[in-house]
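Single-structure report; data block below.
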Amino acid sequence: MITIDDKLDIFYKLVYKDEEEKCKRFLEEQEERNKKILEAKTSSLMEAKENLLERKRNLAEIQKNEMISKAIEKNRERILSKREELLEDLMQTLEEKAKEFTKTKDYENYVLSKIQDLINEVEEHSIIIGLTEIDLERFKNSIIKIGEESNKEISFSAITKDLIGGFILSDKNKTYNLDNSFKTIIFSNRYEIGKKLHGLLEKTGDLNE
């Protein structure tokens, strides 16, 4: 005879056990699913972390390079500025030296010799010599004498602008000017003077420290 306990036991085995197995499988499946979700999420976060770190490293590298570039450019500008300052000082010194030279007897010999050479070179018979008012007063007679000896007709022009010294020779109609003024000579050689100064500074390395 089947007792009530037997019936309950059969019911338990048939229903409860089956549900228990289903529940257990469900929990295992859910646990596996959660595990995969967690692994995927962890992997995603790690990838995001690496990407963030890579972006930060790249940004830091860019900022470092920008800082280096700015420092190099700033130093280059400082060197160029200093070289220009030295060149200006040198040009002023040359002008002062040239002014001092105009007070010497050698200057007179230099000017008259240069005029003599150019008079012999030009084909025109009538030429104009431009000088500062002081030099015109000093050298006029000597230049006239040079012209007579060279069979040239020479007229004069007093130049008021600052030539420092030297002269400007032109034809009668002023179609050309042979500018031998110290101001022009110094200015026209500014590039060469600057190049030599640059070479000297590069050699000594004074501005690269």
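All figures in this text were calculated on a predicted structure; none of them were measured in a lab. Note that the numbering runs from 1 along the sequence shown for the chain.
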* **Spatial distance of atom CD1 (I79) from atom NZ (K82) [nearest 0.5 Å]** => 12.0 Å

* To do: Apply salt bridge (Lys or Arg N to Asp or Glu O under 4.0 Å) to the pair E192 and K195, showing each step before the final yes or no.
  => CA-CA 5 Å; E192 288 299 324; K195 194 163 74 171; 3.7 Å; yes

* **Over all atoms of both residues, closest heavy-atom pair of I128 and K172** => CD1-O, 3.7 Å

* **Side-chain heavy-atom pair D171, V122 within 4.5 angstrom cut-off** => no

* Would you give the length of the straight line joining atom CG of N51 to atom NZ of K49, rounded to the nearest 0.5 angstrom? => 12.5 Å

* Asked: Can you check salt bridge (Lys or Arg N to Asp or Glu O under 4.0 Å) on K24 and E21, steps first, answer last?
  -> CA-CA 5 Å; K24 185 179 178 182; E21 287 297 325; 5.4 Å; no

* **Matching residue for R33 among K35, K36, E31, Q30 - test: side-chain contact (heavy atoms from CB on, under 4.5 Å)** => Q30

* Asked: Linking I/L/V/M/F/W/Y whenever their side-chain heavy atoms sit closer than 4.5 Å, directly or via other members, would L90 and L80 fall into one cluster?
  -> no

* **Distance (rounded to the nearest 0.5 Å) between S81 OG and R78 CZ** => 9.5 Å

* Asked: Should the pair R25-E28 be classified as a salt bridge under the 4.0 Å nitrogen-to-oxygen rule?
  -> no

* Just by distance, with hydrogens left out, do S113 and N109 show a side-chain donor and acceptor under 3.5 Å apart? -> no

* Asked: Do other residues, nucleotides or ligands put more than 12 heavy atoms under 6.0 Å from the CD atom of E39?
  -> yes

* Structure fact -> So side-chain hydrogen bond (donor to acceptor under 3.5 Å, both in side chains) across residues 139-154, not counting sequence neighbours, yields Q116-S150

* Grab the two heavy atoms, one from A98 and one from I186, that are nearest each other, plus how far apart they are. => CB-CD1, 4.1 Å

* Asked: Around E54, counting heavy atoms of other residues, nucleotides and ligands shown, do more than 12 lie under 6.0 Å from its CD?
  -> yes

* Asked: Going by heavy atoms in the side chains, are E19 and K22 under 4.5 Å from each other?
  -> yes

* Minimum side-chain heavy-atom gap I144-I154 below 4.5 Å -> no

* To do: Could you tell me whether a side-chain N or O of S44 sits under 3.5 Å from a main-chain N or O of A40, the two making a donor and an acceptor?
  => no

* Lys/Arg-Asp/Glu bridge criterion (N-O < 4.0 Å) met for R190, E88 -> yes

* To do: Write down the atom of R83, the atom of L201, and the distance for their closest heavy-atom approach.
  => CG-CD1, 3.8 Å

* Identify the heavy atoms of N180 and I185 that sit nearest to each other, and give their distance. => O-CD1, 3.6 Å

* **Residue pair K99 / E96, side-chain heavy-atom distance below 4.5 Å** => yes

* **Path from I159 to I115 over hydrophobic side-chain contacts below 4.5 Å** => no

* To do: Report yes or no: do I134 and F101 belong to one cluster of Ile/Leu/Val/Met/Phe/Trp/Tyr joined by side chain heavy-atom distances under 4.5 Å?
  => no

* To do: Check the surroundings of atom CD in E137: do more than 12 heavy atoms from other residues, nucleotides or ligands lie under 6.0 Å from it?
  => no

* To do: Output the distance between atom CG (D106) and atom CD (E108), rounded to the nearest 0.5 Å.
  => 10.0 Å

* To do: Could you tell me which non-hydrogen atom of S170 sits nearest to which non-hydrogen atom of N177, and how far apart they are?
  => CB-OD1, 3.1 Å

* Asked: Which value, rounded to the nearest 0.5 Å, describes the distance between I168 atom CD1 and D179 atom CG?
  -> 4.0 Å

* Asked: Would you say L169 and F139 are hydrophobically clustered, going by side-chain heavy atoms of ILVMFWY under 4.5 Å?
  -> yes

* Is the shortest side-chain N to carboxylate O distance from E61 to K64 below 4.0 Å? -> yes

* **Joint hydrophobic cluster, L163 plus L94, side-chain heavy atoms closer than 4.5 Å** => no

* Asked: Does T42 reach the side chain of L45, with side-chain heavy atoms less than 4.5 Å apart?
  -> no

* Structure fact -> CG of N189 to CE of M91, rounded to nearest 0.5 Å, is 8.0 Å

* 4.5 Å side-chain heavy-atom contact, D135 and F167 -> no

* Asked: Where do L131 and G166 come nearest, in terms of heavy atoms and distance?
  -> CD2-O, 3.6 Å

* Asked: Heavy-atom distance under 4.5 Å between the side chains of T104 and Y110, does that happen here?
  -> no

* To do: Specify whether F182 and Y107 have parallel, tilted or perpendicular ring planes, treating 30° as the upper limit for parallel and 60° as the lower limit for perpendicular.
  => perpendicular

